[in-house]
2 protein chains.
Amino acid sequence: MSLQHALLTSLLEKPSSGYELARRFDKSIGYFWHATHQQIYRELARMEEQAWVKSYDAEGGRAGKRQFEVLAAGKEELRNWASQSSEPSELRDELFLKLRADAAIGSLGLEQEIARRMQLHQERLQTYKDIELRDFSKPKLSREAKIRHLILKAGISLEESRIAWSKDALTTLK
Amino acid sequence: MSLQHALLTSLLEKPSSGYELARRFDKSIGYFWHATHQQIYRELARMEEQAWVKSYDAEGGRAGKRQFEVLAAGKEELRNWASQSSEPSELRDELFLKLRADAAIGSLGLEQEIARRMQLHQERLQTYKDIELRDFSKPKLSREAKIRHLILKAGISLEESRIAWSKDALTTLK
DNA sequence: CCACCCATGTAACTAGTTACATGATTTC
DNA sequence: GAAATCATGTAACTAGTTACATGGGTGG
């Protein structure tokens, strides 16, 4: 159950409330592992049952706000999980299914959709490059920063390859 | 529900039994949209209820073997679904979560895992390139072949970019 | 005082995975 | 006659999505 481990990591970086985690997931980790607030609250509750995390009323915040932090068992679990191997994910993109459908039943005008996506990928690429410039352009980076940069670069090359593919696809389909 | 539409496409290409679909999903569509036989049988049953497909006892095959084919309503549904836009998928790779965990709690020896994956990606790339050479190296391809080639090329460039990324990651982590 | 954001949750559903089960036919 | 493959399914579970619900605090 990877979301739990994503949350553990995020909580180690900074103890937070469920709401804050949900907000932070919109950026950083959320770029490659999206989760809704409902899911996050559920997993936090489960992890508290398993004693991987503990929570207490946040003093500075509003009424009802709960702050979570990772317990030793949670850290151990994270270490354990992270050192096991796992399979790379598939592409699993509906667009490919739609292309196959197009091939099977005749032209469906997918060019529009591909063009729309190409633009979207260009925007994302720009966002990632802005982050890169802002956070990782210094000559000496800490180990942590280098690793984050690595993840960002995976995103950048994915977007670049999608843009190139889109161009190819538009040429082929026109 | 994309699996249903993947099955409709596959059945349009060739009417088949659930078993045959499951086998075919191991190749072709399965490269980017994996499904188990349990899921396939369930979705076929649902589509029959909705009258998107019909089935009958296969004459040539063994006892109990059911052949499925797409009805007009199913084809209409597929056309409709395929012409709607959809969002590109995330990366959602556990490895990135593990890298973040490594950054948060200290070195976990992920180099091994990255090296293992790099080899895996190289093997996949080779498989894809073999298919490309076998099926798409003729100068004149049909529209259908061109589209299939396009999908394959997406796989090729994904694997290439993963291999390049792995090299970078190994250099950074060492 | 109204809109917006902070903050937490429940409920119902859909999609995907894992484990188990059964029997027929072909091949060695 | 045993093993492998063909062929279909049920059941239980896990993960993720969508819809609904509630109330407090802040800024205009």
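Lettering of chains follows the sequences in order, A, B, ..., and the numbering in each one begins at 1.
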Starting at [atom1] of [X] and ending at [atom2] of [N], how long is that distance when rounded to a whole Å?
| X | N | atom1 | atom2 | result |
| --- | --- | --- | --- | --- |
| A:L97 | C:dA15 | CG | C1' | 14 Å |
| B:F68 | D:dA7 | CZ | P | 13 Å |
| B:R24 | D:dC6 | CZ | C1' | 16 Å |
| B:E20 | D:dT5 | CD | C1' | 13 Å |

Could you check whether A:K98 makes a cation-pi contact with B:W81, meaning its NZ or CZ is under 6.0 Å from the centre of the six-membered ring and within 45° of the ring axis?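 Here A:K98 passes the 6.0 Å and 45° test against B:W81.
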A:F32 to A:I151 - nearest heavy-atom pair and separation: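 Looking at all heavy atoms of both residues, the shortest contact is CE2-CG2, 3.7 Å.
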With nearest nucleotide decided by heavy atoms, which residue, A:R23 or B:Q4, maps closer to the 5′ end of DNA chain C?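 The residue whose closest nucleotide sits nearer the 5' end is A:R23.
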Under 4.0 Å between a side-chain N/O of [X] and OP1 or OP2 of [N], yes or no?
| X | N | result |
| --- | --- | --- |
| A:Y19 | C:dT8 | no |
| B:Y41 | D:dT8 | yes |
| B:R46 | C:dA15 | yes |
| B:Q38 | D:dT10 | no |

Taking a hydrophobic cluster as the set of Ile, Leu, Val, Met, Phe, Trp and Tyr residues connected by side-chain heavy atoms closer than 4.5 Å, whether directly or through intermediates, do A:F96 and A:I105 fall within one such cluster?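 Cluster IDs for A:F96 and A:I105 match.
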Out of D:dG16, D:dC6, C:dC6, which nucleotide sits closest to the side chain of B:R92?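 Minimum distance to the B:R92 side chain belongs to D:dG16.
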Choosing from C:dT8, D:dT17, D:dT8, which nucleotide comes nearest the side chain of A:Q39?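 Nearest listed nucleotide: D:dT17.
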Sugar-phosphate only, base, or nothing, as touched by A:S17 at under 4.0 Å among non-hydrogen atoms: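 It contacts sugar-phosphate atoms only.
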Determine whether any donor atom in the side chain of A:H37 lies under 3.5 Å from an acceptor atom in the base of C:dG9, or the reverse, and answer yes or no.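 For A:H37, whose side chain was compared with the base of C:dG9, there is a donor-acceptor pair (under 3.5 Å).
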Look at the side chain of A:R42 against the base of D:dG16 and say whether a donor-acceptor pair falls under 3.5 Å; ignore hydrogens and angles.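 Answer is yes: a donor-acceptor pair is held.
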Would you say that B:M118 contacts B:L170 through its side chain, given a criterion of any heavy-atom pair below 4.5 Å between the two side chains?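 Sidechains of B:L170 and B:M118: in contact.
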